[in-house]
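Here the structure comes first, spelled out in C-alpha cells, and everything after it is commentary.
Numbered from 1 within each chain, the chains take letters A, B, ... in sequence-line order. Computed from a prediction, not measured in an experiment: that's the story for all the values here.
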Number of protein chains: 2
Amino acid sequence: MAYTVGQVARIAGVTVRTLHHYDEIGLLSPSGRTPTGYRRYDDADLQRLQLVLYYRELGFPLEEITAIIDDPAADPAAHLRRQHELLTVRIKRLQEMVTAVEFAMEASKLNIQLTPEERFEVFGDFRPEEHAAEAEQRWGDTDAYRESNRRVARYSKDDWLRNKAENEDWGRRIVALLAAGAPADGPEAMDLAEEHRQLISRWFYECSYEMHTGLADMYLADERFTAYYENIAAGLAAYLHEAIHANAISRA
Amino acid sequence: MAYTVGQVARIAGVTVRTLHHYDEIGLLSPSGRTPTGYRRYDDADLQRLQLVLYYRELGFPLEEITAIIDDPAADPAAHLRRQHELLTVRIKRLQEMVTAVEFAMEASKLNIQLTPEERFEVFGDFRPEEHAAEAEQRWGDTDAYRESNRRVARYSKDDWLRNKAENEDWGRRIVALLAAGAPADGPEAMDLAEEHRQLISRWFYECSYEMHTGLADMYLADERFTAYYENIAAGLAAYLHEAIHANAISRA
DNA sequence: CTCCCGCCTGCCGTTACGTCAGGGTCAAGC
DNA sequence: GCTTGACCCTGACGTAACGGCAGGCGGGAG
C-alpha cells in the first residue's frame with residue numbers, strides 16, 4: 001500500500017505543505033521516492049503520522065514529538081496509554097474552565113463582584129496557550145449560542161421587567177415554602193427548583209440538570225452566593241441546594 | 001485600582017512580553033500611562049484581559065479576538081454564554097479522541113488491524129492544530145502514565161505467558177458460564193466481568209467502570225470486536241456486554 | 001545617594017506552517 | 001502521439017504570537 005502526498009493529506013486531514021514540512025525537519029520522511037522524486041508513503045508512515053497528529057493535538061512541539069516517537073523504549077501501547085492519560089488531563093482542565101464560566105455567569109446574574117485574582121484563578125499556574133483553527137469560521141456558529149443570543153437580543157425593557165417580576169414571584173413562593181416547613185425534597189420544593197431551572201433556561205441560557213446541580217453546589221460552596229440567598233431568608237441557600245438536587249435526581 | 005504590567009502579568013499568568021504585544025497590536029492597551037510612561041492597567045483592563053485569555057484558550061487568533069471583544073452588540077453575559085458553548089464543544093471533541101484511543105488500545109490488545117482511514121477518522125473534517133505549553137515539562141509526568149509504564153516495562157517473557165494464561169483461563173470460565181445458561185446479570189457473570197476489568201487494570205492500564213462500559217459498547221458496535229468474541233463462542237459478545245454493564249451499575 | 005529591581009522601547013529569533021513561483025509529471029481523452 | 005488539467009517537486013518569502021535580549025530610565029528601601 002503506497003500513497004502520494006496528496007492522498008496522505010486527504011486521509012489524515014492535513015495539508016501537503018505540512019507533510020513537506022514534516023519531511024524537511026525529519027519528523028516524518030516518506031519511506032521511499034519514485035524514480036521521478038515523488039514521495040511515497042506506506043502504512044508504517046501513516047501510523048507514524050497518526051502518532052504525530054495526536055501528540056500535536058495534545059500540544060507538543062514538533063521537535064519533542066520527534067524525540068518521543070523515536071524513543072525505542074516506547075511501544076505502540078505505551079503511546080496509547082500516554083495519550084489517554086494526557087487527554088483526560090486536558091478534559092479535566094476544560095471542565096474546570098466550564099465551571100469557572102458557570103460561576104461567572106451566576107455571579108453576574110446575582111450582581112456579585114469578583115476580585116481580579118479570582119477571575120484568573122483558572123489560568124493560575126499552568127500556561128494555557130492554545131490554538132484551534134477549527135474555531136475560525138465556526139465562531140458564532142454553534143446552535144445553542146445563536147439561540148441564546150437571539151433570545152436575549154430581542155429583550156425589550158418590558159421583557160426585563162417581566163423577568164424581574166417572575167424572579168421575585170418565584171422568590172416569594174420559595175421563601176413561603178421554607179417558612180411553612182415543607183421538606184426540601186418534597187414535591188412543592190422540587191417544583192419550585194424545576195421552575196428555577198426553567199426561569200434560567202427561558203431568560204438566560206439553556207440550563208441542563210447537570211448545570212443546575214452545579215449551580216446548586218456553588219450556592220453552598222461560595223460564601224457570596226450563600227450570602228445572597230441567606231439574605232433573602234435564613235436557610236434558603238441549603239434549602240434550594242437540596243431541592244435542586246432532589247429535582248434533578250427525580251427527573252433523570 | 002491600578003496595576004503595573006508586572007502585577008497584571010502575575011495575576012493573569014502571562015508574561016510581560018505578552019502584555020506588551022497585546023498593547024502593540026491594540027488588543028489590550030492599558031487605560032493610562034504614568035507621567036514617566038509606565039503602563040497603568042485598571043480593573044476594566046483586567047476584565048478585558050480575562051476575555052482575551054478565554055478566547056485565546058479556545059483557539060481564536062488575536063485579530064479575531066479583537067473583533068469579537070470590540071463588538072458593541074455583545075454584552076458580558078453573551079461572552080460567557082458563547083464561551084460556555086465553545087468549551088462544551090471542545091470537551092466533546094476531546095472525549096471523542098479518548099474513545100478513539102480506547103478503541104485503538106482494545107484493537108491492539110486483540111490484534112485487530114485498522115484501516116488508515118479509520119485511524120484518522122477523529123481528525124476527519126475539522127482541522128486540529130492545537131498547542132499547549134502546559135504539556136512541556138509535564139510530558140511523562142502524569143502519575144497514572146508512569147505507573148502504567150513502570151508496570152509494563154518490567155514484564156518479562158514469563159509475565160507475558162502468565163498474562164496469556166490468565167486470559168485464557170478467564171475465557172474458558174465465561175464460555176462455560178454462557179453454555180450453562182447463567183444469566184448475564186447474575187452474580188457469577190458479573191464477577192467474571194469484574195475480573196475482566198481487573199485483568200485489564202493489572203496488565204495494561206487502569207480501567208475505570210466508565211472505561212469498562214465503553215469497551216463493552218465497542219464489543220457490540222464494532223463488528224471486528226464482535227467477531228473476536230463470537231469466534232470464541234456464539235453469543236459471547238452480547239453476553240459480556242450485558243455482564244459488564246450490570247457489574248458497573250451494581251458497583252457504582 | 002545608591003542599589004537593585006522593575007519598566008521602557010526597539011529589534012532580532014523561533015515555530016509551524018501558508019502561499020506563491022517556476023517548473024517537471026502522469027493519466028485521460030482526442 | 002499530443003494536449004490538458006490535476007498533481008508533484010523544490011526553493012523562498014511571509015505570518016502569528018510571542019521569547020529573549022540590549023541599552024537605558026524610574027523608584028523606593030536602606
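Within the 4.0 Å cut-off from OP1 or OP2 of C:dG6, not a single side-chain nitrogen or oxygen of B:T4 is found. At C:dG18, one or more side-chain N or O atoms of A:T18 fall inside 4.0 Å of OP1 or OP2 (strictly under the cut-off). OP1 and OP2 of C:dC17 both lie 4.0 Å or more from every side-chain N or O belonging to A:H20. B:R56 has a side-chain polar atom (N or O) that falls below the 4.0 Å cut-off from OP1 or OP2 of D:dC18.
When each of D:dG27, D:dC8, D:dA17 is scored by its nearest atom to the side-chain atoms of B:H21, the top-ranked nucleotide is D:dA17. The nucleotide whose nearest atom lies closest to any side-chain atom of B:L62 is, among C:dG18, D:dC18, D:dT10, D:dC18. Here D:dC9 is the nucleotide among D:dC9, C:dC7, C:dC17 with the atom lying nearest to any side-chain atom of A:R33. Picking from D:dG26, D:dC18, C:dC17 the nucleotide with the shortest atom distance to the side chain of B:Y22 gives D:dC18. If you check D:dC9, D:dG19, C:dC7 against the side chain of B:T15, the one that comes closest is D:dG19.
Centroid-to-centroid, the aromatic rings of A:F225 and A:F103 come within less than 6.0 Å.
Following rounding to the nearest Å, A:R40 (CZ) and D:dC9 (C1') show an atom-to-atom distance of 14 Å. Per the geometry, CG belonging to A:L19 stands 15 Å off P belonging to D:dC7, to the nearest Å. Atom pair A:E24:CD and C:dT14:P shows a separation of 16 Å (rounding to whole Å applied). For A:D23 and D:dG11, the CG to P distance is 12 Å, given to the nearest whole Å. We find that OH of A:Y41 is positioned 10 Å from P of D:dC8, with the value rounded to whole Å.
Taking CG of B:L28 as the reference point, atom NE2 of B:H21 lies at 12.0 Å (rounded to 0.5 Å). The CZ atom of A:R202 sits 9.5 Å away from atom CG of A:N163, with the distance rounded to the nearest 0.5 Å.
When the nearest nucleotides of DNA chain C are assigned to B:Q7 and A:E63 by heavy-atom distance, the more 5′-ward of the two goes with B:Q7. Toward the 5' end of DNA chain D, the nearer of the two residues A:R17 and A:Y38, judged by each one's closest nucleotide, is A:Y38.
Under the 3.5 Å distance criterion, with hydrogens and angles disregarded, a donor-acceptor pair is assigned to the side chains of B:R197 and B:Y209.
Taking the six-membered ring where tryptophan is involved, the planes of B:Y55 and B:F60 are perpendicular, since the angle between them exceeds 60° and thus also 30°.
If you check every strand for non-hydrogen atoms under 4.0 Å, B:T34 touches nothing.
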